[in-house]
Amino acid sequence: MVTKNKKSIWRKISKFLFILWAMNLSYIILTRWIDPPITMVMLGAWVKGYGLQRDYIKYEEMGQACKLAVICAEDQRFTEHYGFDVDAIQKAIEYNQDSTHKIQRGASTISQQTAKNVFLWNGRNWVRKGLEVYHTAMIELIWGKKRILENYLNVAEMGKGIFGIEAAAKHYFNKSAKELSKREAAWIAVILPNPVKFSIDKPSPRLIRRHNWILRQMNNLSTNPEIQALLETNSHTKKSK
């Protein structure tokens with residue numbers, strides 16, 4: 001009798017987990033075409049009293065400057081990897097093992113950040129990280145690079161309670177994302193590592209150096225054929241072999 005009860009419990013648990021997975025998979029597929037109504041990161045900002053400014057726009061309405069700026073700032077190998085930059089992860093591990101470095105270096109790709117921003121929450125525990133790995137693999141498989149970048153630019157936090165490049169462009173420069181210059185787009189990209197702490201209004205010397213570096217990278221990568229293909233609104237997303 002005890003054995004039968006255990007089997008019954010495990011069947012119920014397995015069925016429940018399968019239903020959760022099926023619902024999650026359905027949501028991943030839906031967000032291939034439909035913008036996420038709200039995210040846990042957005043809710044977290046609202047609960048903290050930061051408010052919620054957002055304005056989803058289509059890929060072709062974003063302009064090339066902001067797309068190129070975030071790629072240069074956050075993930076220059078975005079078109080080359082399949083969700084995870086193994087070389088960057090290894091370098092980050094080696095860098096962080098050096099006790100002389102006060103600031104830890106991350107290695108999250110745009111794909112990983114998008115998976116976290118759309119489906120998960122802020123945090124560093126192993127459960128969230130494991131879910132991030134799963135969702136990253138799934139959106140690489142189901143969405144493709146163009147949709148990943150589009151969602152990233154629509155849901156990434158770019159200031160206290162400011163989500164997405166359109167809301168950020170209006171807040172900081174009183175213009176649409178498509179009208180942003182390279183310099184303006186680079187300023188928004190500067191604060192992405194810590195949009196709550198970093199400020200465009202009163203940038204520190206470190207942020208100014210970072211801004212100048214991003215501009216140089218934008219000039220260097222503007223002629224990369226794979227990145228150019230990704231930036232074009234009428235191009236198909238491609239990955240390097």
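Values in this document were obtained by computation on a predicted structure and should not be read as measured data. These numbers come from the heavy atoms of this one structure, side chains and all, not from hydrogens, waters or symmetry mates.
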* **Residues that Tyr27 engages under ring pair (Phe, Tyr, Trp, His ring centres under 6.0 Å), provided they are two or more places apart** =>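 So Tyr27 forms a ring pair (Phe, Tyr, Trp, His ring centres under 6.0 Å) with Phe119.
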Could you give the distance from [atom1] ([X]) to [atom2] ([Y]), rounded to the nearest 0.5 Å?
{"X": "Asn219", "Y": "Ile214", "atom1": "CG", "atom2": "CD1", "value": "12.5 Å"}
{"X": "Asp55", "Y": "Lys170", "atom1": "CG", "atom2": "NZ", "value": "4.0 Å"}
{"X": "Asp85", "Y": "Phe78", "atom1": "CG", "atom2": "CZ", "value": "12.0 Å"}
{"X": "Leu25", "Y": "Phe18", "atom1": "CG", "atom2": "CZ", "value": "9.5 Å"}
{"X": "Ile110", "Y": "Asn117", "atom1": "CD1", "atom2": "CG", "value": "11.0 Å"}
{"X": "Leu17", "Y": "Ile19", "atom1": "CG", "atom2": "CD1", "value": "9.5 Å"}

[X] side chain to [Y] main-chain N or O, any donor-acceptor pair under 3.5 Å?
{"X": "Trp143", "Y": "Ile28", "answer": "yes"}
{"X": "Asn220", "Y": "Arg216", "answer": "yes"}
{"X": "Glu166", "Y": "Ala177", "answer": "yes"}
{"X": "His211", "Y": "Leu207", "answer": "no"}

* To do: Please assess Ser199 against Ile191 for the test side chain to side chain contact (heavy atoms under 4.5 Å, CB included), listing each intermediate value before the final yes or no.
  => CA-CA 7 Å; Ser199 172; Ile191 64 174; over 6 Å; no
* **Partners meeting side-chain hydrogen bond (donor to acceptor under 3.5 Å, both in side chains) with Asp75 (sequence neighbours left out)** =>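 Asp75 satisfies side-chain hydrogen bond (donor to acceptor under 3.5 Å, both in side chains) with His81 only.
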* State which residues pass side-chain hydrogen bond (donor to acceptor under 3.5 Å, both in side chains) with Lys67; sequence neighbours excluded, sorted by chain then number. =>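 Partners of Lys67 under the side-chain hydrogen bond (donor to acceptor under 3.5 Å, both in side chains) test: none.
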* Residues forming a side chain to side chain contact (heavy atoms under 4.5 Å, CB included) with Gln64, sequence neighbours excluded ->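 Per chain and number, Gln64 pairs via side chain to side chain contact (heavy atoms under 4.5 Å, CB included) with Gln228, Leu231, Glu232.
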Identify each donor-acceptor pair in which a side-chain atom of residues 34-48 lies under 3.5 Å from a protein atom, sequence neighbours left out, and give them as a table.
from	atom 1	to	atom 2	distance (Å)
Asp35	OD1	Arg147	NH1	3.4
Asp35	OD1	Arg147	NH2	3.3
Thr39	OG1	Met42	N	3.1

Shortest non-hydrogen separation from [X] to [Y] and the atoms involved:
{"X": "Glu157", "Y": "Phe163", "answer": "CB-CE2, 3.6 Å"}
{"X": "Phe84", "Y": "Val133", "answer": "CZ-O, 3.5 Å"}
{"X": "Ala73", "Y": "Arg210", "answer": "O-NH2, 2.7 Å"}
{"X": "Ser111", "Y": "Ile139", "answer": "O-CD1, 3.5 Å"}
{"X": "Lys116", "Y": "Asn122", "answer": "NZ-OD1, 2.9 Å"}
{"X": "Ala186", "Y": "Leu215", "answer": "CB-CD2, 3.9 Å"}

Is it true that [X] and [Y] fall in one hydrophobic cluster, defined by side-chain heavy atoms closer than 4.5 Å?
{"X": "Val70", "Y": "Tyr59", "result": "yes"}
{"X": "Phe198", "Y": "Tyr172", "result": "yes"}
{"X": "Met23", "Y": "Phe16", "result": "no"}
{"X": "Leu52", "Y": "Ile162", "result": "yes"}
{"X": "Val196", "Y": "Met158", "result": "no"}

* To do: Please lay out, stage by stage, how Trp213 and Val190 fare under the test side chain to side chain contact (heavy atoms under 4.5 Å, CB included).
  => CA-CA 10 Å; Trp213 178 84; Val190 161; over 6 Å; no
* To do: Test salt bridge (charged side-chain N to carboxylate O under 4.0 Å, His left out) on Arg128 and Glu132 and set out the steps.
  => CA-CA 6 Å; Arg128 195 204 65 83; Glu132 179 187 298; 3.0 Å; yes
Min side-chain heavy-atom separation [X]-[Y] under 4.5 Å:
{"X": "Glu74", "Y": "Thr109", "result": "no"}
{"X": "Ile142", "Y": "Thr31", "result": "no"}
{"X": "Tyr82", "Y": "Leu141", "result": "no"}
{"X": "Cys66", "Y": "Ile188", "result": "no"}

* Asked: Take atom CG in Asn174; do more than 12 heavy atoms of anything else shown fall under 6.0 Å from it?
  ->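 Result for CG/Asn174: open.
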* Just checking, is any N or O donor in the side chain of Gln113 or Tyr152 under 3.5 Å from an acceptor N or O on the other one? ->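 Yes, a side-chain donor-acceptor pair sits under 3.5 Å.
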* Between Thr136 and Gln112, does any side-chain donor sit less than 3.5 Å from a side-chain acceptor? ->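 Gln112 and Thr136 do not have a side-chain donor-acceptor pair below 3.5 Å.
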* Verdict with reasoning, Met62 to Lys178, per side chain to side chain contact (heavy atoms under 4.5 Å, CB included) -> CA-CA 5 Å; Met62 292 176 173; Lys178 199 168 187 176; over 6 Å; no
* Asked: Below 4.0 angstrom, N of the basic side chain to O of the carboxylate: do Glu184 and Lys175 qualify?
  ->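 Yes, charged N to carboxylate O under 4.0 Å.
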* **Residue pairs, two or more places apart or on separate chains, that pass side chain to side chain donor-acceptor pair (under 3.5 Å) and touch residues 13-23** =>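 Qualifying pairs: Trp21-Tyr134.
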